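What follows is a set of notes on a single structure, which appears directly below.
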Amino acid sequence: MATKFTPLHDRILVRRTEEGDVTRGGIIIPDSAKDKPQEGEVISAGKGKINEEGKVRPLDVKEGDRILFGKYSGTEIKLDGEDFIIMREEEVLGVITGAAKKETAGSRR
């Protein structure tokens, strides 16, 4: 990504992971039958959320984390011709650790 993008406050920039084209049983899934993946990688994160006392609470997620999010979470945006999602930290369902990394959308070139 040539453009540097830093989300504000408690927002994060996420790149969706690619879903496989073939099931474990060898069945090829057409694009029209695929759901958008609900897993992604945090590309950049804001500084944190400001509480009632005016102090900044840092985010629980950081750049490079693999996360799960809801089906309708965030807002889809396009930067440098690549698709991303910008969402609030509260829309993140959890952080994935210990599993093999999936290929992220746009990283196959």
Side-chain angles (χ1 to χ4, degrees):
M1 186 165 88
T3 304
K4 178 76 173 146
F5 180 83
T6 304
L8 297 177
H9 308 293
D10 64 333
R11 290 181 176 84
I12 58 174
L13 183 68
V14 177
R15 179 185 294 133
R16 284 188 197 266
T17 56
E18 279 291 315
E19 286 288 314
D21 292 338
V22 180
T23 65
R24 290 182 186 160
I27 298 171
I28 297 173
I29 303 170
D31 288 339
S32 60
K34 288 184 193 175
D35 284 334
K36 289 187 177 180
Q38 294 173 265
E39 183 180 327
E41 178 185 359
V42 177
I43 303 303
S44 62
K47 299 281 186 218
K49 190 166 188 167
I50 300 173
N51 62 20
E52 294 84 26
E53 300 165 2
K55 295 181 181 175
V56 176
R57 183 189 65 79
L59 301 180
D60 293 329
V61 297
K62 61 187 177 311
E63 191 175 311
D65 281 350
R66 289 183 48 224
I67 61 167
L68 290 176
F69 48 88
K71 193 172 197 168
Y72 303 107
S73 297
T75 302
E76 294 184 4
I77 62 169
K78 192 173 279 241
L79 291 172
D80 290 340
E82 196 172 346
D83 293 327
F84 294 96
I85 302 170
I86 189 162
M87 66 179 71
R88 292 187 178 274
E89 183 192 35
E90 62 195 28
E91 295 179 276
V92 174
L93 302 175
V95 178
I96 301 170
T97 56
K101 269 193 163 183
K102 285 187 176 181
E103 194 170 301
T104 54
S107 64
R108 285 187 289 155
R109 294 195 190 239

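Note that the coordinates shown come from a computational prediction; the quantities given were computed from them, not determined experimentally. Residues: numbered from 1 along the sequence shown. Only heavy atoms go into these numbers, but all of them, side chains included; no hydrogens, no water, no symmetry mates.
Shortest non-hydrogen contact noted between A45 and V61 is CB-O, 4.4 Å.
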Verdict with reasoning, I12 to I67, per side chain to side chain contact (heavy atoms under 4.5 Å, CB included): CA-CA 11 Å; I12 58 174; I67 61 167; 3.9 Å; yes
R16 vs F69, side chain to side chain contact (heavy atoms under 4.5 Å, CB included): CA-CA, chis, key distance, verdict: CA-CA 10 Å; R16 284 188 197 266; F69 48 88; 3.7 Å; yes
Working for side chain to side chain contact (heavy atoms under 4.5 Å, CB included), residues V95 and D60: CA-CA 9 Å; V95 178; D60 293 329; over 6 Å; no
Verdict with supporting geometry, M87 and V14, side chain to side chain contact (heavy atoms under 4.5 Å, CB included): CA-CA 8 Å; M87 66 179 71; V14 177; 4.2 Å; yes
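Remark: K49 NZ to R11 CZ distance equals 10.0 Å, nearest 0.5 Å. Here the CD1 atom belonging to I96 is positioned 7.5 Å from the OG1 atom belonging to T17, to the nearest 0.5 angstrom. With values rounded to the nearest 0.5 angstrom, I43 atom CD1 is found 12.5 Å from T6 atom OG1. Rounded to the nearest 0.5 Å, atoms CZ (R66) and CD (E41) are 9.0 Å apart. Interatomic distance, L79 CG to I86 CD1, rounded to the nearest 0.5 Å: 8.5 Å. With rounding to the nearest 0.5 angstrom, the CG atom of D80 is 8.0 Å from the CD atom of E82.
Side-chain atoms of E89 do not come within 3.5 Å of backbone N or O of D10 as any donor-acceptor pair.
K62 places none of its side-chain heavy atoms less than 4.5 Å from the side chain of V42.
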